[in-house]
Amino acid sequence: MNMLKYICVLCTVFLISCTGTYEKNQAKMDELYGCKKPGENLSKEKYKACLAKERAGGETLFDLEGNLNDLIRGKDNVVYQYAVNPYLWRAAIEITNIYPLKIADSQGGYIQTEWINNTEDNSIRCLIKIQISSKELITTGVSSNFLCENKVNETWSSDNIDYVEEEKQITLKILEVAGTLEKANS
Amino acid sequence: MKKILLAISAISAAMFSTAANADISVSGSANAVYVDAEGNSQGHVGGTISFSMSTTTDGGVTISTGGQITNDPDAAGGAGNASGMTALTFAFANGSITVADDVAVPAGTGLVGELVGHADSNQVTHTNDVALTTDDGSGISASTSIGDMTLAGTYFYDGGHNNNIDGGTTTGAGASLTIPLGDMSLVVSSSSVDANGTEDSSTGGALTMTAGGGTLSLGIETTSGDTAATEGEAYSVAYSTTLGGASVAVGYTGFDANSNTSQKTDVTVSQSIGGGASIFAEYSNLSGAGAVASSQTLGEGVVAVGTSVSF
């Protein structure tokens with residue numbers, strides 16, 4: 001009977017909970033608890049795999065590639081190191097190169113287009129924001145935002161629409177192009 | 001509104017002629033670890049390949065599953081196995097639901113001081129562990145957010161992992177609630193399991209906060225029910241911080257159950273060396289009246305030193 005109570009309470013809360021804070025809360029919990037995140041209840045095997053990834057993601061003791069380059073080529077040579085994954089970055093640039101860019105920060109991995117006006121309807125304009133957040137070519141290493149505004153009485157204001165599908169398409173296209181670029185270079 | 005949507009569709013269609021919905025990723029990890037339990041030494045050399053698959057429906061529901069091929073990442077043997085592919089997770093904007101062969105109730109929430117991943121091999125056991133004998137099985141779990149709080153619940157109907165929905169002899173249910181309290185975070189959980197008539201329950205809480213440049217966690221865990229050996233409580237504390245580039249964590253747990261006490265101290269140090277690799281050292285000591293005496297193969301103090309790599 002206790003189990004039924006648990007299920008009923010959970011289902012009720014799940015159905016009425018539309019606060020839209022789930023992803024944000026999950027991200028906070030990932031950061032705070034790591035492999036011991038409440039609700040995950042990982043098996044020992046999965047916990048160890050998680051622990052290995054967590055430990056590998058810390059601050060690096062030394063950069064072996066950089067040190068070897070210094071030894072072999074001499075310290076005067078410039079060693080370019082990407083702050084973000086170069087394939088994701090190049091893919092994002094390729095995807096947005098048909099639009100004027102307002103910001104293209106390769107170190108921060110951030111791209112923002114200028115407002116893109118609709119030639120058929122001057123009362124609508126949109127822009128794209130892309131954030132590359134990973135040095136590795138992973139699916140979670142890129143996120144996109146698609147924002148639009150409407151002009152009402154000569155004043156631009158947000159249309160308050162979530163363009164989830166468009167943002168997903170941008171992200172998937174970047175991942176697709178990045179994968180192609182990586183294959184071509186391997 | 002229709003015009004707006006048309007305009008957006010035109011923009012996105014011009015940019016993206018093809019778009020796949022499915023996402024399949026492969027990752028892996030491997031480790032080589034030297035483990036010493038007071039003279040009984042062994043090596044753990046192995047790894048895991050993990051496959052993650054997901055897709056998103058037209059309605060915005062993300063469905064995901066995954067599987068693993070594992071070969072002894074934490075034992076001195078050579079037998080591999082495949083696992084996973086027995087769970088489906090449906091993620092919505094306000095939560096997720098998982099149907100699986102191996103969902104677990106939230107037991108052990110308060111045991112924040114248990115930190116090691118390898119240095120518990122060949123360690124003596126204790127007769128007064130504060131834990132549920134079975135805490136997982138075939139079932140369903142769900143989580144959702146209520147404001148800044150996160151509620152998760154699990155019900156398993158077959159502790160034998162055979163997906164016997166109406167005939168499982170071991171069943172269990174539990175829920176956990178995570179509550180942000182300013183700079184702190186509180187987790188409380190409660191679970192109960194009925195193993196063929198033997199009923200046990202577990203209640204735990206953990207408070208995590210920043211302190212002195214690190215993270216301090218305080219926890220309490222209690223179990224009660226028909227199994228006398230695990231009836232009691234445990235108090236646990238952990239502190240983690242970084243020294244230079246290394247991550248350092250210390251944990252202590254005191255058990256008082258089955259009319260006995262025991263203490264477990266864990267220490268871990270890990271250092272990333274770039275490229276997804278890290279070197280680490282772990283130490284764990286379990287002692288007290290509730291701990292089984294050391295033998296030729298089992299020790300109270302266990303040391304593990306090794307490297308792990310994520311691909």
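In this text the structure is predicted, and so the values were computed from the model without any measurement.
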Should we say atom CG of A/N97 is surrounded by more than 12 heavy atoms from elsewhere, each under 6.0 Å from it?
yes

Do other residues, nucleotides or ligands put more than 12 heavy atoms under 6.0 Å from the CG atom of A/D162?
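Counting other residues, nucleotides and ligands, CG of A/D162 stays at 12 neighbours or fewer.
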
Check: A/Y33/B/T178 side-chain N/O donor and acceptor closer than 3.5 Å
no

Closest approach of B/V112 and A/K36, non-hydrogen atoms and distance?
O-NZ, 3.8 Å

With a 4.5 angstrom heavy-atom cut-off, which part of [X] approaches chain A: side chain, backbone, both or neither?
| X | answer |
| --- | --- |
| B/T109 | neither |
| B/T210 | neither |
| B/S27 | side chain |

[atom1]-[atom2] distance between [X] and [Y], expressed to the nearest 0.5 angstrom:
| X | Y | atom1 | atom2 | value |
| --- | --- | --- | --- | --- |
| B/D58 | A/E165 | CG | CD | 7.0 Å |
| B/S310 | A/E136 | OG | CD | 8.5 Å |
| A/M29 | B/T208 | CE | OG1 | 10.5 Å |
| B/I24 | A/T139 | CD1 | OG1 | 11.5 Å |

Counting heavy-atom pairs closer than 4.5 Å to chain A, which one of B/V105, B/V103, B/D102 comes out on top?
B/V105

